[in-house]
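Single-structure report; data block below.
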Amino acid sequence: MEKLAIEGGRPACPPGTIPPWPIFDHREEEGLSRVLRSRVWWRVPGKEVDAFEAEFAAFHDARRALAVTNGTQAIELSLAALGVGRGDEVIVPAFTFASTATAVLAVGALAVPVDVDPDTYCIDLRAVRRAITPRTRAILPVHLAGHPCDMQALSEIAAQHDLHLIGDAAHAHGVRWAGESITRLAKISIFSFQSGKLMTAGEGGAVVYDDESLAERLWVLHSCGRPRADRSYRHVATGTNLRVTELQGAILRAQLARLPDQLAEREEAAPRLDALLGSIGGLRMAKRDPRVSRHGHYMYMIELDELRSDIDRDALVDALVAEGVPAFRSYMAIPDFPAFAEGSGSPEVREAMNRQPVPVSRRFAARSLWLHHAVLLGGAEVQRSVAAAFDKVLRRMGRASKTAR
Ligand SMILES: *Cc1c(COP(=O)(O)O)cnc(C)c1O
């Protein structure tokens with residue numbers, strides 16, 4: 001049997017196998033050079049960020065977009081603009097990146113994590129309904145790994161209880177549910193352009209929305225409380241500074257132009273990888289709801305099933321990384337972060353954090369892993385190499401653990 005790369009063997013996916021990320025070409029280079037030479041690097045008098053916002057909104061069939069410094073602050077800004085704060089509760093999934101919950105705490109509200117669906121990793125609708133209290137003001141679902149949440153059902157729940165529906169679309173640029181952009185039924189959707197995301201300027205974020213009445217408030221809050229045309233330092237609110245630069249605007253325009261083809265390529269590659277990994281056995285890939293019109297495939301989610309109970313997830317990820325596969329351990333369940341665990345955080349925050357049972361999220365935290373979306377680019381040979389690495393590592397680890405007993 002072939003020696004694992006982690007034991008000094010030859011890697012199954014040597015450097016050059018998986019396409020590099022981020023991707024850029026002459027379009028980013030020309031954009032950067034155009035902005036540098038213009039000497040307009042600040043967005044307020046500039047045109048690049050304005051153009052990007054119009055293009056990004058149109059891409060989502062939305063009226064408006066506002067670019068901001070990052071996805072975390074895009075959530076904080078959305079909550080602040082909608083008046084969510086102290087004394088309010090916001091329902092979030094327990095399986096997500098930390099910011100979904102910490103942004104809620106940052107505006108002074110309480111985050112109430114609820115469990116996720118065992119097939120799609122998206123927020124569980126029954127759990128959302130159970131978690132609603134008189135203090136609930138918003139639902140903040142995450143289109144996890146690029147699989148859209150059931151926006152129809154969520155918007156009905158939100159309307160019934162007079163709650164804001166804010167979509168965390170940090171994984172879901174261009175994603176569509178039942179024929180519609182996921183932004184359509186949310187009051188505001190937030191995006192991230194951090195370097196690992198489906199499009200990037202290194203850092204960055206955006207809010208996308210249809211309600212024109214929010215436009216002025218979002219602008220002012222993101223620009224030090226100052227209206228766009230102000231020349232008299234007449235600050236009308238206490239905002240902060242979340243503005244992006246024209247350099248980011250130029251990069252994001254180039255990244256957005258490339259995105260539709262990349263989304264299509266990943267949609268084609270994902271079933272291929274499903275079939276290859278499915279034939280290995282013991283790997284439970286995330287399922288796709290038949291109502292998904294376009295999946296983002298930000299993270300390729302895999303759970304180790306009962307057949308693989310002898311495999312240590314962390315050791316598997318380490319072995320895959322050594323083979324050259326961009327594999328990652330899943331998020332911890334939100335209530336289990338050291339920041340909120342027993343003895344830290346305020347009792348009020350802790351109570352809300354631990355109010356709902358989250359067994360599926362905890363199972364994923366312990367037994368699931370994910371692959372970077374670059375494994376779905378570069379053609380069928382890339383997916384075959386990734387599957388070969390899994391096959392190699394699982395044969396060896398399964399056997400090693402059996403002989404050790
Ligand atoms: C990345 C991410 C964020 C935060 O975005 P940043 O740009 O990194 O601040 C929020 N929510 C989810 C689900 C994310 O993955």
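Everything numeric here is computed off the predicted structure, so don't read it as measured data. Whatever order the structure lists them in is the order used to number ligands and atoms, beginning at 1.
- When each atom of ligand 1 is checked for a heavy atom of Ser192 under 4.0 Å away, the hits are 1 (C), 5 (O), 6 (P), 7 (O), 8 (O).
- For CH2 of Trp21, the number of neighbouring non-hydrogen atoms (other residues, nucleotides, ligands) closer than 6.0 Å is greater than 12.
- For atom 2 (C) of ligand 1, the closest heavy atom belonging to the protein is Lys197 NZ, 2.7 Å.
- With a heavy-atom cut-off of 4.0 Å, Asp168 touches ligand 1 through its side chain alone.
- Counted by atom type alone, Ser189 and Thr183 present zero donor-acceptor pairs between their side chains at under 3.5 Å.
- Protein heavy atom in closest approach to atom 15 (O) of ligand 1: His171 NE2, 2.6 Å.
- The atoms of ligand 1 that sit less than 4.0 Å from any heavy atom of Asn70 are 7 (O), 9 (O).
- Using cut-offs of 30° and 60° on the angle between ring planes, the pair His173 and Phe56 is perpendicular.
- In this structure, His373 and Tyr298 have tilted ring planes: the angle between them lies in the 30° to 60° band.
- Within ligand 1, counting atoms from 1 as listed, the ones closer than 4.0 Å to a heavy atom of Thr96 are 13 (C).
- Of the possible polar contacts, none joining the Glu76 side chain to the Ala106 backbone as a donor-acceptor pair under 3.5 Å is found.
- Within a 6.0 Å radius of CZ in Arg126, other residues, nucleotides and ligands contribute 12 heavy atoms or fewer.
- Close approach to Gln194 involves these atoms of ligand 1, each under 4.0 Å from a residue heavy atom: 7 (O), 8 (O).
- For Asp25, the CG atom sits in a packed shell: over 12 heavy atoms of surrounding residues, nucleotides or ligands are nearer than 6.0 Å.
- Of all atoms in ligand 1, listed by their number and element, those nearer than 4.0 Å to a heavy atom of Gly204 are 7 (O).
- The aromatic rings of Phe328 and His372 sit tilted, their planes meeting at an angle between 30° and 60°.
- For ligand 1, the atoms lying closer than 4.0 Å to a non-hydrogen atom of Thr100 are 11 (N), 13 (C).
- In this structure, the protein non-hydrogen atom closest to atom 9 (O) of ligand 1 is Thr72 OG1, 2.5 Å.
- Of the polar atoms of Gly71, at least one N or O is found under 3.5 Å from an N or O of ligand 1, judged by distance alone.
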